[in-house]
Protein chains: 2
Amino acid sequence: MASLVSARRTLRQGETLFRDGDRFVALYAVRTGFLKTHIGGRDGRDQVTAFQMAGDLLGLDGVASERHTCNAVALEDSQVCMIPYAGLESLCREVPGLLRQFHRVMGREIVRDQRTMLLLAGMRAEERLAAFILNLTSRLRARGFSAVAVVLRMSREEIGSFLGLKLETVSRTFSKLQDAGILDVRQRHVRVVDADALQWIVDGGASHRGRTSA
Amino acid sequence: MASLVSARRTLRQGETLFRDGDRFVALYAVRTGFLKTHIGGRDGRDQVTAFQMAGDLLGLDGVASERHTCNAVALEDSQVCMIPYAGLESLCREVPGLLRQFHRVMGREIVRDQRTMLLLAGMRAEERLAAFILNLTSRLRARGFSAVAVVLRMSREEIGSFLGLKLETVSRTFSKLQDAGILDVRQRHVRVVDADALQWIVDGGASHRGRTSA
DNA sequence: CGTGTCTTTGAAGCGAGTCAATCAGGGTGG
DNA sequence: CCACCCTGATTGACTCGCTTCAAAGACACG
């Protein structure tokens with residue numbers, strides 16, 4: 001797998017890795033830093049589709065049509081590994097297990113997107129933000145970082161875009177969670193005080209949705 | 001590709017093809033009929049993730065973890081082809097082009113899900129329903145069916161679940177589009193009177209969002 | 001130290017949700 | 001063949017949560 005990495009690319013904060021419409025030639029694995037992908041609707045619409053941190057993969061959106069269908073931008077200085085798609089494909093034919101491995105990665109992307117759809121379709125602001133924070137902290141934990149003290153790399157507007165909320169609502173909801181003693185929010189520095197409460201909110205505990213199957 | 005189809009399965013309306021948690025062994029191509037896939041949240045949450053008609057593929061959700069993560073149910077009597085995943089994988093190694101082909105299919109699923117996310121995150125009820133109808137009719141047209149006179153195979157509640165709306169809102173929005181002379185709705189029979197108007201709504205024309213980039 | 005960007009907070013408006021009643025069909029059994 | 005019933009669809013009135021518009025506050029930068 002390592003033999004595939006043909007090049008590394010360093011991105012400054014705000015720099016674009018690839019754009020909607022760009023020819024799809026490679027996937028990118030994040031080595032360090034923090035990125036976002038977003039789709040720009042023709043009118044004012046623009047939605048963040050995902051945030052990527054070290055270890056995450058970008059670019060699968062381009063597999064379908066040989067062209068990327070979203071934009072990838074670095075939210076802080078970052079470094080990515082380039083994985084040429086043609087090489088990956090031919091290697092899949094030779095190396096046993098790699099094919100399966102790659103399919104799992106694509107499958108995970110599908111499952112993740114569907115979970116996001118669930119969030120966008122059915123949750124209220126408080127639940128969305130709680131789910132977002134839990135997702136972020138669990139990913140940080142898996143990478144050996146603190147899951148308690150988090151520095152958000154994205155703006156309120158970007159969080160809102162991802163969660164289908166307006167930036168004011170995000171800000172207000174942060175404040176609400178702080179007042180409830182669940183989070184400690186100071187600008188982009190967030191401390192998770194009560195992770196269980198966050199989970200309880202995500203599970204619908206905060207709304208009277210509790211009955212077993214109605 | 002045809003050599004892969006090991007078996008056909010006939011489903012009666014309401015019958016389940018696979019369930020969340022089922023072992024993933026095969027993909028399914030719809031031959032005839034109409035299905036839905038939905039995820040059941042632990043509490044009352046339950047969301048339709050997609051509707052499938054002839055030619056569509058089901059089951060990609062299981063690739064990631066060897067288990068399905070959603071339920072597939074027939075909305076009318078249907079017939080599906082079973083494509084064993086193990087066989088597909090090994091065939092991908094032998095038949096040139098098949099690998100690429102399969103990756104495109106997975107890629108399309110990713111792109112489709114992201115478009116749905118865009119819909120759920122940013123559109124209002126009227127826009128969502130218009131997009132839904134246009135999507136349905138374009139798929140029907142591609143299959144040689146009428147793109148004007150449509151019979152909905154799913155209930156208002158299922159439409160609402162897919163679009164992140166309540167069934168009453170779906171019903172009301174249908175009525176609104178009928179009053180506007182854009183649709184002719186009689187229960188589950190829908191006639192598209194003005195497809196351009198639907199597209200205009202999807203593009204944000206109905207809300208004063210029209211300025212080029214604000 | 002100003003200046004611009006991002007964030008927080010307030011007040012008012014509106015769209016979708018909720019609760020509830022009625023209506024339309026489809027199927028069943030008398 | 002028709003009356004009945006059950007499910008799904010429509011419509012209305014009211015509520016609530018998110019958005020919108022507006023203003024002030026917090027930092028980061030030159």
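We name chains A, B, ... by the order of the sequence lines, and we start the count at 1 in each one.
Legend: residues meeting side-chain hydrogen bond (donor to acceptor under 3.5 Å, both in side chains) with Thr49(B), ordered by chain and number and at least two apart, are Thr37(B). For Leu140(A), the side chain to side chain contact (heavy atoms under 4.5 Å, CB included) partners at least two apart in sequence or on another chain are Met53(A), Phe145(A), Val150(A). Phe174(A) is linked by a ring-ring contact (aromatic ring centres under 6.0 Å, His included) to nothing, counting only residues two or more places apart in sequence or in another chain. Not a single side-chain hydrogen bond (donor to acceptor under 3.5 Å, both in side chains) links Glu168(A) to another residue, sequence neighbours left out. With sequence neighbours excluded, no residue satisfies side-chain hydrogen bond (donor to acceptor under 3.5 Å, both in side chains) with His38(B).
Rounded to an integer number of Å, the gap from Leu120(B) CG to dA16(C) P is 13 Å. For Glu127(A) and dG17(C), the CD to P distance is 14 Å, given to the nearest whole Å. The nearest whole Å value for the distance from the CZ atom in Arg124(B) to the P atom in dG17(C) is 13 Å.
Here salt bridge (charged side-chain N to carboxylate O under 4.0 Å, His left out) pairs that include residues 7-21 of chain A, with residues two or more places apart or in two chains, are Arg9(A)-Glu15(A). Sorted by first and then second residue, the pairs that involve residues 104-118 of chain B and meet side-chain hydrogen bond (donor to acceptor under 3.5 Å, both in side chains), not counting sequence neighbours, are Glu66(A)-Arg104(B), Glu109(B)-Arg112(B). Listed by first then second residue, pairs satisfying side-chain hydrogen bond (donor to acceptor under 3.5 Å, both in side chains) with a partner in residues 178-193 of chain B read Gln178(B)-Asp184(B), not counting sequence neighbours. Among residue pairs with one or both ends in residues 140-166 of chain B, those qualifying as salt bridge (charged side-chain N to carboxylate O under 4.0 Å, His left out) are Lys36(B)-Glu158(B), Asp56(B)-Arg143(B), Glu76(B)-Arg153(B); sequence neighbours excluded.
Each end of the helix from dC1(C)-dG30(D) to dG30(C)-dC1(D) yields a helix axis from five base pairs, and these two axes differ in direction by 30° (to the nearest 10 degrees).
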Check the interface with nucleotides 6-13 of chain D: list each N/O to N/O pair with the protein under 3.5 Å, or write none.
unit_1: dA9(D); atom_1: OP1; unit_2: Arg188(B); atom_2: NE; d: 3.2
unit_1: dA9(D); atom_1: OP2; unit_2: Arg156(B); atom_2: N; d: 3.2
unit_1: dT10(D); atom_1: OP1; unit_2: Arg156(B); atom_2: NH2; d: 3.2
unit_1: dT10(D); atom_1: OP2; unit_2: Arg156(B); atom_2: NE; d: 2.6
unit_1: dT10(D); atom_1: OP2; unit_2: Arg156(B); atom_2: NH2; d: 3.3
unit_1: dT10(D); atom_1: OP2; unit_2: Ser171(B); atom_2: OG; d: 2.8
unit_1: dT10(D); atom_1: O5'; unit_2: Ser171(B); atom_2: OG; d: 3.2
unit_1: dT11(D); atom_1: OP2; unit_2: Ser175(B); atom_2: OG; d: 2.4
unit_1: dG12(D); atom_1: N7; unit_2: Arg172(B); atom_2: NH1; d: 2.8
unit_1: dG12(D); atom_1: O6; unit_2: Arg172(B); atom_2: NH2; d: 3.2

Scan nucleotides 28-30 of chain D against the protein and return all N/O pairs shorter than 3.5 Å with their distances rounded to 0.1 Å.
none

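Side-chain contact of Asp22(A) with His68(A): a donor-acceptor pair under 3.5 Å is absent, judged by distance alone.
Picking from dG17(C), dT19(D), dG17(D) the nucleotide with the shortest atom distance to the side chain of Leu165(B) gives dG17(C).
Contacts of Gly164(A) with the nucleic acid, taken as non-hydrogen atoms under 4.0 Å apart, involve only primed sugar atoms and P, OP1 or OP2.
Across all non-hydrogen atoms, the minimal contact from Gly59(B) to Leu27(B) is C-CD2, 3.6 Å.
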